[in-house]
Each structure stands twice: as structure tokens, then as C-alpha cells.
Amino acid sequence: MNAATLPDGPSLPRFVQGGLVIAAPLWMMRRLRERYGSAFMVNVPIFGKAVVISDPAEVKQLFMTSPDIADILDVNLGLVLGPNSFFAISGDAHRKQRKLLTPPFHGRRLRAYENIIEEEAVREMAAWPEGREFATLEPMMRITLNVILRAVFGADGAELAELRALLPAMVKLGSRLVALPIPRTDLGRWSPWGRSHAYRRQYDAIIDRLIAAARQDPRLDERDDVLALMLQSRYDDGAPMSRDEISDQLLTLLTAGHETTSTTLAWAVERLRRHPAVLRRLAEEADAGGSQLREATILEVQRTRPVIDATLRKVRAPDLRLGRWTLPAGQVVLVSIYLIHRDETLFPDPLRFDPDRFTDSRPDTYQWIPFGGGARRCIGAAFAQMEMNVVLRTLLRDFTLEPTNERGERWHSRGVAYCPAKGGRAVVQRRTRERRAADPVTRAQAAA
Ligand code: HEM
């Protein structure tokens, strides 16, 4: 075992550091980075003394390290999402689940979900008011919730309606419980834990009905939803996924994928209204059937407004040599997505919103990291990017988004994800078919 070599950090009392991390986390990260450079120690509530890193070489090394040496932290997530959740398993169990659940989120499979996404976007946007400012976050939340329930859970009819009513409250309560100490005694059914168990029983009953219906579906093998794929998939030893595994993982996919995607979409609206030249080019591109600038715009929204600001690992080996540091067993490491994305040596003029950074080149896997990295990289990354692309395409096709001179919206933490503080406010005008036909780009296209 090697002696630990850890970066410097502030000598402020633990509770002061913890208080600052809670009250002003992003400000604190910026200040510590200015003072100590790309790596420093800080006291984080719940996790204790953490090493924060944002040097791309060190981040790359950490992400490439085997999960047997550094993996996610053991937090209360298993109690909230279930013991089979991605966020509660490690080692072989995690590798086996990744192998089984990666295919539904890639390549050809993804295209099958496009229609559902467009349908949900059109349905939600049909109620948008014209010429009056409104927050887009809630509508985006409804779109991404319905998309996951249909594309991932394969829900329809009564089950879809029940899950739609149950899940937002259940996930909200669960995300609060993660941060609380686990009670040693049963606090009764009206306690937050009691309510959480009651929600879970209701949820499991709906999932049982969905599974039973799918098992009786003679066309199960033609279905594209993730539940249908889960039921047909087999581990290497030929065993199917158990009912508990399916139930926990569906809930995990929803919790991880719903709010992250909708808050990013609300940020896209917020950024685009403040960058009219990009907005104009995007509308022209959408009318001409292109997507290159839109894809680059999504990358730049995620760089400048990463909704998850950090990802955590814990050293599992007796020690870990990481760049300049030797970290002892149990050391918590926080990869600051926020800091690396605003590093001017990686992204010149980093605060400028400029999608053209990515129009001709893909971002580096270890410098552009809104989805984390390595064995734990977000399994739904390609799904989320495709979903955001289709929602924005629909918005640009059906509406004119009005620019604004107002200051950018502040970052507001919703617990898990950062959203625009005013909910990504928009003013839109509906583009009628005739208006779209009168558009110079559409006319030129028609003539061609
Ligand atoms: C813009 C949208 C999204 C963002 C910003 C995002 C971000 C992240 C991040 C930062 C992680 C942790 C990675 C790490 O520790 O290195 C993660 C993990 C995960 N995400 Fe996403 N995510 C998004 C959408 C989705 C979607 C749509 C799904 C599924 C439908 C999903 C499912 C998951 C799962 C299951 C994990 C855990 C993976 C594991 O532990 O192996 N995410 N995501």
C-alpha cells in the first residue's frame, strides 16, 4: 500500500465548507478551482472529504479504471429504487445488467422510438399559448415522462394513466429520502418512508399487470419497447431477468432519464432565445430537412448547461494512483463536469454559447462529459440525444420562438438536476402550414 498524496483544500471548518457546498455549490467550485487549480479537497455533506478533479487526463484515467478499483458510492438509492437498480449494484451484477440493457438503447432500436417522441411533442405543444410568455420546463417534463412510459415501460391505456399519475410524486419523494439517514425502526405508514413503501406497492402492482399483459401478447417479439425486450432477453447462462430486476430497472431508467432530459430541453429554449442568429439558422436548417447544426446545438447546450454538475466514485482498492495523487481506499472522488466544461484550455472563450464548436467535429469523450464516463457512462445517452433532437425539430417546425434581450436565467438546483430558474420561459407563434410554405427556404426546397 502506498502513502496517500492528496491535493490541498480550504482549512475552513467542516460545517462551513459543507454549508457553502449546499448554499452555493457552483460558486464554491469556481472559487476553489481559482485558488487550488484543477484538483482540490473539499468537505461535502453526506460524503465527507472528497477529492474534486477536473483535469482531463486525470478524469480520463479515473473513467478508464476498472470498477473493481473505483466505482459508484453506496448511497440510499437501493432502498428507493430497489436492490437491483443500476445505482445499487456493482461488480459482476452490474456488468451483466449493462450487457443485457445496452442493446435497447442503441442503433436501429432507437429509430423505433422517434414516432412516439414526435407524437408526444406535438400533443403537448398543441396546448402552448401564442404570444404569451410561459415556462417550458413543465411541458418538457410531461413529454419526457410520456415518452419513457411508452417507449421504455411499453405502457398504454389504464396502466399509462396510472403510472403518469403516480410516478412524479413517487420519484420526488424518493429523491428526498436518498439524502436522509435510514430509520432503524418502522416510523409508520404516514412517515415519508411509510409513504414511499405504499407508493412502491402501487407501482409494483402496475408493473405486474404490464408484465402479465406482455407475456400474453402474441406479438411480443414484434414490440420495440424496453419492457418487451427485457422479457425476451437472457443472461449468458440462459436465465431470464426476474420480475424484481425488471421492476427496479424500469424505475431506475425513469428516474435517471426523465428530469435530466426535460431540464436540458428547457435550457435549450433558454439559450436559443438569447442567441437569435443561431435560432434563425436552426429554423432554416429544420425547414430544409437538415440536422447538423441542431445536433451541435444540443452538444453545446449540454456543455454550457450540464444539468448534472458532477459524478462520484469511491476507491475500492487499497489505493489508487491517479495522475499526481495517491488516493486511499474509501476515498470519494468527485469529477466536476461543471469545471471541465468551462476550462478555457479545452474550450476557448468557454462561457460563449457557440454551437459551431461542434458542427464539424465531435467532442472529446473525456472533455465533454455531461453523461459521465467509463463503465458507468449514462446508458441512455444516445436515447436522450435522439429525443432532444426530435423535440427541438418539432418545436422549430411548428413554432417561431421569439428571441429576448433579457438576462440569462440563473441555475436552479432541483435536487438531482439543474434547471433554468424561471423554467426556460418562451414566447412562441404557431407556424401555420401556409406561413411555412411562404418561408423562403421551404419555397426554394419545393422549387427544387
Ligand atoms: C440529458 C439527459 C441525461 C443526462 C444529462 C444524463 C446524465 C447521466 C450521468 C451524469 C450519469 C452518471 C454517469 C457516471 O457516473 O459516469 C448517468 C447514468 C445513468 N443514466 Fe443518464 N442521463 C440522461 C438521460 C438518461 C436517459 C434518457 C436514461 C434512460 C432512459 C438514462 C439512464 C441512466 C442510467 C440507467 C444510468 C446508470 C448507469 C450505470 O450505473 O451503469 N439517462 N446519466
Side-chain angles (χ1 to χ4, degrees), residues 53 59-60 62-65 67 70-75 77-78 81-82 84-91 93-102 104-106 109-110 113 116-117 140-141 143-145 147-153 225-227 229-230 245 248-268 298-299 301-314 332-338 340-341 365-366 368-392 414 416-419:
I53 60 169
V59 169
K60 178 174 182 176
L62 183 70
F63 281 156
M64 290 178 77
T65 298
D71 203 357
I72 53 160
L73 273 57
D74 11 298
V75 283
L77 276 169
L81 299 173
N84 304 290
S85 160
F86 272 117
F87 295 113
I89 52 177
S90 54
H94 178 248
R95 275 188 282 273
K96 277 168 67 183
Q97 290 284 303
R98 284 289 295 210
K99 195 166 169 200
L100 220 59
L101 292 184
T102 296
F105 290 102
H106 280 91
R109 286 279 172 208
L110 285 186
Y113 306 131
I116 293 183
I117 298 168
M140 295 300 188
M141 295 272 264
I143 294 174
T144 62
L145 177 67
V147 165
I148 293 197
L149 291 179
R150 291 179 61 196
V152 178
F153 286 60
D225 55 271
V226 177
L227 171 68
L229 301 173
M230 282 175 167
E245 283 172 339
D248 291 357
Q249 293 295 37
L250 286 176
L251 186 57
T252 302
L253 293 167
L254 177 117
T255 309
H258 155 51
E259 194 171 318
T260 43
T261 312
S262 50
T263 44
T264 308
L265 280 165
W267 274 122
I298 293 167
L299 297 173
V301 170
Q302 292 199 273
R303 183 189 72 80
T304 51
R305 295 295 184 276
V307 297
I308 308 279
D309 62 329
T311 175
L312 294 153
R313 299 287 186 272
K314 189 173 182 172
V332 173
V333 189
L334 190 151
V335 177
S336 177
I337 299 172
Y338 175 73
I340 201 168
H341 282 188
T365 321
Y366 299 101
W368 181 90
I369 52 167
F371 294 111
R376 290 280 176 179
R377 186 173 192 269
C378 176
I379 205 170
F383 182 98
Q385 285 186 308
M386 184 271 296
E387 180 172 3
M388 294 189 285
N389 191 343
V390 174
V391 173
L392 279 185
R414 288 176 55 95
V416 176
Y418 280 94
C419 69

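Just so you know, ligand 1 is whichever comes first in the structure, and atom 1 is the first atom listed for that ligand.
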Enquirer: Evaluate side chain to side chain contact (heavy atoms under 4.5 Å, CB included) for Phe63 paired with Arg377, printing each intermediate quantity in order.
Expert: CA-CA 9 Å; Phe63 281 156; Arg377 186 173 192 269; over 6 Å; no

Enquirer: Look at the aromatic rings of His94 and Phe86 and report parallel, tilted or perpendicular, splitting at 30° and 60°.
Expert: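 Aromatic pair His94/Phe86 classed perpendicular.
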
Enquirer: Would you indicate whether the side-chain heavy atoms of Phe105 and Val226 approach each other to under 4.5 Å?
Expert: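 They are in contact (side-chain heavy atoms under 4.5 Å apart), so the answer is yes.
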
Enquirer: Nearest 0.5 Å, what's the CD1-CZ distance between Ile89 and Arg98?
Expert: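 If I round to the nearest 0.5 Å, the distance is 10.0 Å.
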
Enquirer: Quick one: ligand 1 N/O to protein N/O pairs below 3.5 Å?
Expert:
from	atom 1	to	atom 2	distance (Å)
ligand 1	15 (O)	Thr311	OG1	2.6
ligand 1	15 (O)	Arg313	NH1	2.9
ligand 1	15 (O)	Arg313	NH2	3.4
ligand 1	16 (O)	Arg313	NH2	2.8
ligand 1	16 (O)	Gly373	N	3.0
ligand 1	40 (O)	Arg376	NH1	2.9
ligand 1	41 (O)	His94	NE2	2.7
ligand 1	41 (O)	Arg98	NH1	2.8

Enquirer: Within this structure, what is the CZ-CG distance for the pair Phe87 and Asp248, rounded to the nearest 0.5 Å?
Expert: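 Phe87 atom CZ to Asp248 atom CG measures 12.5 Å (nearest 0.5 Å).
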
Enquirer: What distance do Gln302 atom CD and His341 atom NE2 have between them, rounded to the nearest 0.5 Å?
Expert: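 Those atoms lie 8.5 Å apart.
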
